[in-house]
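Letters A, B, ... mirror the listed sequences (proteins, then strands); counts begin at 1.
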There are 2 protein chains.
Amino acid sequence: MSLRHALLGLLVDKPASGYDLLKDFAGSLANVWPATQSQIYTELTKMAAAELITVTDAGPRGRKEYALTDAGLAELRHWLTEIPPNRPQRSDVLLRVFFLGVVDREQAREYLRGLAEKARQEHEELVGILERTDWEGGDLATYGRLALEYGLRFTDTRREWAEWAVDRIRT
Amino acid sequence: MSLRHALLGLLVDKPASGYDLLKDFAGSLANVWPATQSQIYTELTKMAAAELITVTDAGPRGRKEYALTDAGLAELRHWLTEIPPNRPQRSDVLLRVFFLGVVDREQAREYLRGLAEKARQEHEELVGILERTDWEGGDLATYGRLALEYGLRFTDTRREWAEWAVDRIRT
DNA sequence: TGGCGACATGTCAAGGTTGGAATGTAGGCT
DNA sequence: AGCCTACATTCCAACCTTGACATGTCGCCA
């Protein structure tokens with residue numbers, strides 16, 4: 001149900017069409033809450049019906065620009081402060097770790113080395129974003145920076161853990 | 001689709017009924033891949049139809065004990081080594097961080113303090129598991145230990161990040 | 001022997017998610 | 001004028017997940 005709130009959050013900044021929002025989801029937000037085109041358009045329609053957003057402008061090619069209503073902003077604030085952030089985290093990576101005993105040790109180490117390498121790569125990508133972005137702007141920059149820092153620390157921890165795990169599997 | 005592989009992984013250790021597996025999912029595996037009763041029974045039926053598992057014993061109260069077939073073990077190994085671990089991570093926590101600008105700074109700090117506290121609690125729970133468990137046993141213990149270590153490091157990183165983030169939001 | 005709690009499975013509706021197909025327009029370039 | 005790319009939306013089938021409902025049995029203890 002959080003796709004709705006992600007869309008509301010993006011519309012705080014400025015009005016946008018489904019197509020605009022789709023691009024936001026392909027960009028920075030993809031790391032936090034991926035969503036597909038069909039999902040976004042469907043959800044926008046439902047949100048308009050619920051009067052959390054309204055169509056404020058129509059452009060060429062049937063473009064509809066949506067803007068937040070007061071009710072939408074209220075809903076976003078409510079979600080931010082009142083709803084417990086509680087969805088249990090699934091991790092197919094960790095699930096595999098649990099069952100690494102069914103392959104031989106060398107394959108297990110290989111898998112963990114792959115995880116370390118992948119974490120390293122992701123970390124570098126985030127460093128790239130850190131360097132390329134201007135963090136002076138408004139709220140989205142401020143809080144986006146916090147989210148990025150989370151990613152930086154998390155990928156680093158993940159790499160260290162995987163390297164530790166490789167070492168721990170001794171013959 | 002990984003529920004299937006989680007079930008296969010548990011059945012490597014020993015044959016079990018749906019009820020037995022349900023308890024595994026309520027226990028240690030809940031942190032990694034939560035699943036409900038209906039999902040488990042449905043999936044077991046489908047897996048039996050696909051001959052990844054077979055009914056090896058029938059107990060009282062209609063209990064059906066499933067065991068891995070060769071095809072099941074092969075499928076598990078295949079998934080472990082060949083299939084890229086790729087489901088994108090959703091995080092409603094980070095999503096909220098992105099949009100913290102819509103509430104005032106004190107509320108934002110309060111939210112982050114809550115995250116730090118929650119991370120601290122989770123960390124302590126994991127420490128409890130670490131201390132209460134015998135890590136000498138077979139593969140499940142060995143690799144379960146790796147998964148636990150991941151959790152320990154992750155919750156610690158998360159707490160540090162949240163504390164850092166609180167400090168960073170200055171008036 | 002009566003009842004309770006744990007054992008044990010099956011089914012269903014509702015909603016979220018994925019991925020793809022279908023459809024069409026506007027604007028820029030050649 | 002014709003073509004291509006980017007813009008822009010809608011619909012759908014399939015699958016996963018959640019949570020609830022339904023059904024029934026076994027074994028122990030009072």
Rounded to the nearest 0.5 angstrom, the CZ-CG distance for B/R96 and B/D92 is 4.5 Å
Has the side chain of B/S38 got a donor or acceptor atom sitting under 3.5 Å from an opposite partner on the base of D/dG19? yes
Rounded to whole Å, how long is the line connecting atom [atom1] of [X] with atom [atom2] of [N]?
X: B/D92; N: C/dG16; atom1: CG; atom2: C1'; result: 14 Å
X: A/L22; N: D/dA8; atom1: CG; atom2: C1'; result: 10 Å
X: A/D57; N: D/dA8; atom1: CG; atom2: C1'; result: 14 Å
X: B/E65; N: C/dC7; atom1: CD; atom2: C1'; result: 14 Å
X: A/H5; N: C/dG16; atom1: NE2; atom2: P; result: 11 Å
X: B/I40; N: C/dG10; atom1: CD1; atom2: P; result: 13 Å
X: A/F25; N: D/dA8; atom1: CZ; atom2: C1'; result: 17 Å
X: A/R4; N: C/dT17; atom1: CZ; atom2: C1'; result: 16 Å

So, does [X] get its side chain near the phosphate of [N], meaning an N or O under 4.0 Å from OP1 or OP2?
X: A/K46; N: C/dG16; result: yes
X: B/R63; N: C/dC7; result: no
X: B/Q37; N: D/dG19; result: no
X: A/R90; N: D/dT18; result: yes
X: A/K64; N: D/dT10; result: yes
X: B/Y41; N: C/dT9; result: yes

Check whether more than 12 heavy atoms from other residues, nucleotides or ligands sit under 6.0 Å from atom CD of B/E136, and answer yes or no.
no
Q) Is atom CD of B/E51 surrounded by more than 12 heavy atoms (other residues, nucleotides or ligands) closer than 6.0 Å? A) no
Exercise for review: Report which part of the nucleic acid B/S17 touches: base, sugar-phosphate, or nothing (heavy-atom distance under 4.0 Å, all strands).
Suggested key: sugar-phosphate
Walking DNA chain C from its 5' end, the first of B/Q39 and B/D20 to be reached, judged by nearest nucleotide, is B/D20
DNA chain C nearest-nucleotide lookup for A/W33 and B/T42: closer to the 5′ end is B/T42
| Backbone N/O of B/H5 and side chain of B/S2: donor-acceptor pair under 3.5 Å | no
Review point. For A/D156, does its backbone N or O pair with a side-chain atom of A/W161 as donor and acceptor, under 3.5 Å?
Key: no
Of D/dG19, D/dC7, C/dC7, the nucleotide closest to the side chain of A/R61 is D/dC7
